[in-house]
Amino acid sequence: MDRLMGIYNKLYRHYGPQHWWPGDTRFEIVIGAILTQNTSWSNVEKAIVNMKPYLEPEILHRMDVNRLAEMIKPSGFFNVKANRIRNFLDWFSGKGYSFSRLMEMDVEELRKELLGINGVGRETADSIILYGLGKPVFVIDAYTRRLFGRLGFDMPDDYDDVRVIFENRLDRHEGLFNEYHALIVRHSKECCRKKPDCANCILASDCAAAAEKY
Ligand code: SF4
């Protein structure tokens with residue numbers, strides 16, 4: 001079995017399913033993916049509560065951008081993020097505000113178009129594709145780099161080079177990619193923190209950093 005799959009199995013056995021991504025609709029997940037940039041999820045949740053009555057693409061697209069910014073204030077960088085949401089909606093309107101149309105698109109083409117939206121970076125685009133649309137791309141974030149770097153994996157600087165490592169070594173399945181990323185975040189928050197708790201880590205027997213007595 002590939003080592004990456006072995007690590008997944010240990011994390012899953014320990015933590016169980018994470019039920020990601022929190023969100024009642026695909027659109028709410030997209031908005032959450034944009035709002036979560038540079039802030040904690042608890043701040044995003046407060047912004048989403050404010051937005052709930054308006055969480056339809058056409059309604060939000062018609063809304064004055066200053067009003068939108070006011071609603072998402074708890075998520076921080078609210079003027080920037082309001083414009084990012086507006087940019088996404090400008091693009092999404094060209095698709096008839098239809099998630100079915102996005103889901104019919106080739107993943108690489110979809111990714112390319114999302115990355116063409118001002119303010120949508122690779123992690124955000126991949127979160128939208130994986131969690132919003134249920135398509136298999138592996139989301140890379142700072143937690144992934146830190147955890148797997150410590151475990152002894154080569155972590156190239158380029159986002160896509162890291163993403164391809166996971167996508168090539170694992171079965172390309174959206175359920176697996178969804179759960180794996182969520183488990184990485186969980187383990188990184190609870191155990192492999194900035195100051196890692198190696199003494200209580202389920203991955204310690206397989207970890208380069210623990211072996212060096214981190
Ligand atoms: S053993 Fe320590 S460094 Fe390695 S994964 Fe666990 S917490 Fe992180």
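Both ligands and their constituent atoms are indexed starting at 1 by order of listing.
Short contacts between ligand 1 and Cys201, defined as distances under 4.0 Å to a heavy atom of the residue, involve ligand atoms 1 (S), 5 (S), 6 (Fe), 7 (S). Near Ala210, the atoms of ligand 1 lying under 4.0 angstrom from a non-hydrogen atom of the residue are 1 (S). In summary, the atoms of ligand 1 found under 4.0 Å from a heavy atom of Arg150, numbered by their order in the structure, are 3 (S). The ligand atoms of ligand 1 that sit less than 4.0 angstrom from a heavy atom of Ala204 are 1 (S). Every atom of ligand 1 with a heavy atom of Leu147 under 4.0 Å away is listed here by number and element: 5 (S).
For atom 4 (Fe) of ligand 1, the set of nearby N, O or S atoms under 2.8 Å includes one belonging to Cys207.
Comment: Asp141 does not engage Arg122 in a salt bridge, judged by the lack of any side-chain N to carboxylate O separation of less than 4.0 angstrom. Here Asp24 pairs with Lys52 in a salt bridge; the nearest charged N to carboxylate O distance falls below 4.0 Å.
Tested against Phe138 for a ring-ring contact (aromatic ring centres under 6.0 Å, His included), the candidates Tyr180, Tyr8, Tyr131 yield a single pass: Tyr180.
Taken from CZ in Arg101 to CE in Met105, the straight-line distance is 9.0 Å, to the nearest 0.5 Å.
Between Phe92 and Phe88, the ring planes are tilted. Angles from 30° to 60° get that label.
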